[in-house]
Amino acid sequence: EKIYPFFMLERMLQRVGFQVTYTQVSGFLCSSLFPDALQCSGGLYRPMKSFQRILMNTPVLRSLGSIYTIVATKQP
């Protein structure tokens, strides 16, 4: 198994002729370190969501996401 940051996946798609139209990064450190039941508990839910928002808005830290959705198109 090999793990790639989202920006590398975008470059790989572009090299083979795809045009990236949308990228979403989610599931940051908090969501991968704690079980779902713990994440949804009342006391931790808000701080974890705030922490994820901070990560999403920090360019270098954005690459730490664990779930990437990349939408790309390719013209024939």
Side-chain angles (χ1 to χ4, degrees):
E1 182 177 336
K2 205 164 192 174
I3 299 172
Y4 297 99
F6 74 93
F7 52 87
M8 194 169 190
L9 292 172
E10 287 177 342
R11 265 189 265 146
M12 290 166 64
L13 287 168
Q14 290 168 349
R15 278 191 208 127
V16 294
F18 284 88
Q19 169 131 14
V20 175
T21 56
Y22 176 76
T23 302
Q24 178 179 346
V25 181
S26 58
F28 288 100
L29 294 174
C30 287
S31 62
S32 57
L33 294 176
F34 299 105
D36 288 342
L38 186 59
Q39 291 181 49
C40 296
S41 71
L44 287 179
Y45 182 77
R46 284 185 141 172
M48 291 176 89
K49 285 297 178 185
S50 295
F51 182 62
Q52 286 193 19
R53 272 194 292 277
I54 291 168
L55 287 176
M56 284 177 54
N57 293 322
T58 308
V60 174
L61 297 178
R62 276 188 70 203
S63 63
L64 297 176
S66 60
I67 301 169
Y68 309 141
T69 303
I70 299 174
V71 178
T73 58
K74 187 172 185 178
Q75 299 297 324

K74 to V16 - nearest heavy-atom pair and separation: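 Here K74 and V16 meet closest at NZ-O, 3.1 Å.
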Minimum-distance pair of heavy atoms, taken over all atoms of F6 and I70: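 F6 and I70 have their closest heavy atoms at O-CD1, 3.9 Å.
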Linked, directly or transitively: M12 and F18 (ILVMFWY side chains, under 4.5 Å):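 Linked, M12 and F18 end up in one cluster.
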In one Ile/Leu/Val/Met/Phe/Trp/Tyr side-chain cluster, 4.5 Å: M8, L13: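 Linked, M8 and L13 end up in one cluster.
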Greater than 12 external heavy atoms within 6.0 Å of Q14's CD: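 Atom CD in Q14 is packed in, count exceeds 12.
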